[in-house]
Amino acid sequence: KSFRVEENDPRWADASPSALRSVVTVTEAYQGLPGIVSTGVMDSLMICHGSWQAAIALMDRAVLPRPPLVMPRSYSMQIHDRLPPG
């Protein structure tokens, strides 16, 4: 789920007024190994939500009626620890 940050929400006190946040709950069905979310699932989530947030930021900046099509030019992720489901 991606959403705009509410100005008075204490959970996002450090965010700018037009910031977007993404919250995802990954179930056990997407485990690569027991207790670890598949890295392919993590990659897909980051690309999807990152592209959506970039499109919304561009839409806001250019005052467009709808988000433009965006595609990542490059993407990399370093995994430092396992990501448990949930």
Approximate separation, where rounding is to 0.5 Å, of L69 CG and S51 OG: 9.0 Å
Measure the shortest side-chain to side-chain distance between L58 and L64 over non-hydrogen atoms and say whether it is less than 4.5 angstrom. no
Anything under 3.5 Å between a donor and an acceptor, one on a side chain of residues 30-47, the other on a protein residue two or more places apart or in another chain? List them.
| unit_1 | atom_1 | unit_2 | atom_2 | d |
| --- | --- | --- | --- | --- |
| Q31 | OE1 | G35 | N | 2.8 |
| S38 | OG | G40 | N | 3.3 |
| S44 | OG | G40 | O | 3.1 |

M59 and R66: which non-hydrogen atoms are nearest, and at how many Å? SD-C, 3.4 Å
